[in-house]
*Asks:* 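Input: one structure, supplied below.
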Amino acid sequence: MNLFHKPQSTQRTQTKEDFSRLPKKLNKGLSLILGLGTAASIGLSAPKPAEALPFQDLIVPGIQYFQLSNLSTKQKVELGSNIHQQVRRNYRVGTNANVTRIGQRLARVSSCSQTPFKFYVVQDPSINAFATTGGYVYVHTGLINAADNEDQLASVIAHEIAHICNDDLVKRLRQTQLVQGAASLAGLDRSKLAAVAYRLAIDLPNSREAEFNADAKGLQYLQQAGYDPNAMPAFLKKLASRPSPPEFFSTHPNPRERIAALERRIADSRR
């Protein structure tokens, strides 16, 4: 059985898988640092949602669940877990010991190290990574394959950890709550709130400010964890120079601006 054969239907129930053996094509560049014989949004685009429910239909007042203005770490983890179930219904998601090792190394030096981070590999050839809330970070096999070394992969994971530490998804939920007015997101039950959060995390890109902030904080984590900070702008340069740049470049800040900002920060840190 080919573990990485794309399922015919993304709606079927998925079981947790251990991606202990990634595809042979991943040997290029990362075979040494990932140890492929053992168990496995930089602002990137994300998977498509499972359900195309009208957004307004997800607003059900009267069932108090979360007070979005003051979510505890425990509540964020619970929300992230609920969103994770929707990700698993649509994609083959597993773990890899070395991706987890890299992620935990970065999480320990992050500004939200108290969060119980979990790192997952999504079997998908697109160059992609995303994060939700409560410590849930996802990296596509296509992105793993595109990275030249552990430092470049770590730069992506650091960026996604920064989105979680910055509470970017929770902030977008709060903004949505304000827009909805009386039909408050605080009135959603668990599954419907997770559906709203999933659509925000998956469908809508982060703001320009959020991406630059995640770059800055992610770069800091990268340096503090002992990785080469130059890997972050180097990976962006590599992706931007591809004959067909990743689709996420069309919905995120100009990569040249991000690269320049990162290189300035690296230079400043050496003075």
*Asks:* Report the distance from atom CG of Leu143 to atom CG of Leu153, rounding to the nearest 0.5 Å.
*Replies:* 6.5 Å
*Asks:* Please examine the side chains of Val139 and Phe119, heavy atoms only from C-beta on, and report whether any two atoms are closer than 4.5 Å.
*Replies:* no
*Asks:* Check this for me, if you would: do Arg271 and Asp268 make a salt bridge, where the nitrogen-to-carboxylate-oxygen distance has to be below 4.0 angstrom?
*Replies:* yes
*Asks:* Rounded to the nearest 0.5 Å, what's the gap from CD on Gln152 to CG on Leu236? Could you check?
*Replies:* 9.5 Å
*Asks:* Under 3.5 Å, is there a donor-acceptor pair between the side chain of Lys238 and the main chain of Ala146?
*Replies:*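 The answer is yes, because a donor-acceptor pair under 3.5 Å joins these two groups.
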*Asks:* Membership question, hydrophobic clusters at under 4.5 Å side-chain separation (ILVMFWY): are Leu239 and Val156 in the same one?
*Replies:* yes
*Asks:* Using 0.5 Å steps for rounding, measure from the OH atom of Tyr138 to the CZ atom of Arg88.
*Replies:*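 With rounding to 0.5 Å, OH (Tyr138) is 9.5 Å from CZ (Arg88).
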*Asks:* Is the number of heavy atoms from other residues, nucleotides or ligands under 6.0 Å of Arg105 CZ greater than 12?
*Replies:* yes
*Asks:* Set out, in order, the CA-CA distance, both residues' side-chain angles and the distance that settles side chain to side chain contact (heavy atoms under 4.5 Å, CB included) for Asn166 and Lys217, then state yes or no.
*Replies:* CA-CA 9 Å; Asn166 289 340; Lys217 189 169 280 189; 2.7 Å; yes
*Asks:* Tell me, do Lys171 and Asp168 make a side-chain contact under 4.5 Å, heavy atoms counted?
*Replies:*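 They are in side-chain contact.
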*Asks:* Does any part of the side chain of Arg258, heavy atoms only, come nearer than 4.5 Å to the side chain of Phe212, both counted from C-beta?
*Replies:* yes
*Asks:* Evaluate the side-chain proximity of Tyr227 to Ile102: yes if any heavy-atom separation is below 4.5 Å, no if none is.
*Replies:* yes
*Asks:* If you apply the rule side chain to side chain contact (heavy atoms under 4.5 Å, CB included), what do you find for Asp167 with Leu71, and how did you get there?
*Replies:* CA-CA 10 Å; Asp167 272 343; Leu71 286 183; over 6 Å; no
*Asks:* Can you check whether Asp228 reaches Leu222 side chain to side chain, under 4.5 Å on heavy atoms?
*Replies:*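 The answer is no, as the side chains (C-beta and beyond) never meet within the 4.5 Å cut-off.
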*Asks:* Could you tell me whether the side chains of Ser111 and Tyr221 share a donor-acceptor contact shorter than 3.5 Å?
*Replies:*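 Indeed, the side chains of Ser111 and Tyr221 share at least one donor-acceptor pair under 3.5 Å.
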*Asks:* Do Glu150 and Arg101 come within less than 4.5 Å of each other through their side chains, counting heavy atoms only?
*Replies:* yes
*Asks:* Verify the cluster assignment for Ile161 and Val77: are they in a single hydrophobic cluster under the rule of side-chain heavy atoms below 4.5 Å apart?
*Replies:*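 The answer is no; the residues belong to distinct hydrophobic clusters.
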*Asks:* Is it true that, when you exclude Gln85 itself, more than 12 heavy atoms of the residues, nucleotides or ligands shown sit nearer than 6.0 Å to its CD?
*Replies:* yes
*Asks:* For the atom pair OG (Ser113) and CD (Gln104), what is the distance rounded to the nearest 0.5 Å?
*Replies:*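 Ser113 OG to Gln104 CD: 11.0 Å, rounded to 0.5 Å.
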*Asks:* First locate atom CD1 of Ile144, then atom CD1 of Ile127, and finally report the distance between them rounded to the nearest 0.5 Å.
*Replies:* 12.0 Å
*Asks:* Going from NE2 on His84 to CD on Glu78, what distance comes out if it is rounded to the nearest 0.5 angstrom?
*Replies:* 14.5 Å
*Asks:* Taking C-beta and beyond as the side chain, do Arg208 and Glu257 meet within less than 4.5 Å on heavy atoms?
*Replies:*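 Side chain of Arg208 against side chain of Glu257, heavy atoms only: contact under 4.5 Å found.
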*Asks:* Assess the residue pair Ile83 and Tyr136 against the criterion (side chain to side chain contact (heavy atoms under 4.5 Å, CB included)); give the C-alpha distance rounded to whole Å, side-chain angles, the decisive distance to 0.1 Å, and a yes or no.
*Replies:* CA-CA 9 Å; Ile83 299 170; Tyr136 286 81; over 6 Å; no
*Asks:* Looking at every heavy atom in both Pro116 and Thr73, which two are closest together, and how far apart are they?
*Replies:* CD-CG2, 4.4 Å
*Asks:* Got Asp215 and His159 here, is their nearest side-chain heavy-atom distance under 4.5 Å?
*Replies:*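 SC-SC contact between Asp215 and His159 confirmed.
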*Asks:* Which is it for Met232 and Arg265 under the side chain to side chain contact (heavy atoms under 4.5 Å, CB included) test, yes or no, and what are the steps along the way?
*Replies:* CA-CA 11 Å; Met232 187 174 281; Arg265 288 183 178 278; over 6 Å; no
*Asks:* Quick check on the 6.0 Å ring-centre criterion: do His163 and Phe130 meet it?
*Replies:* no
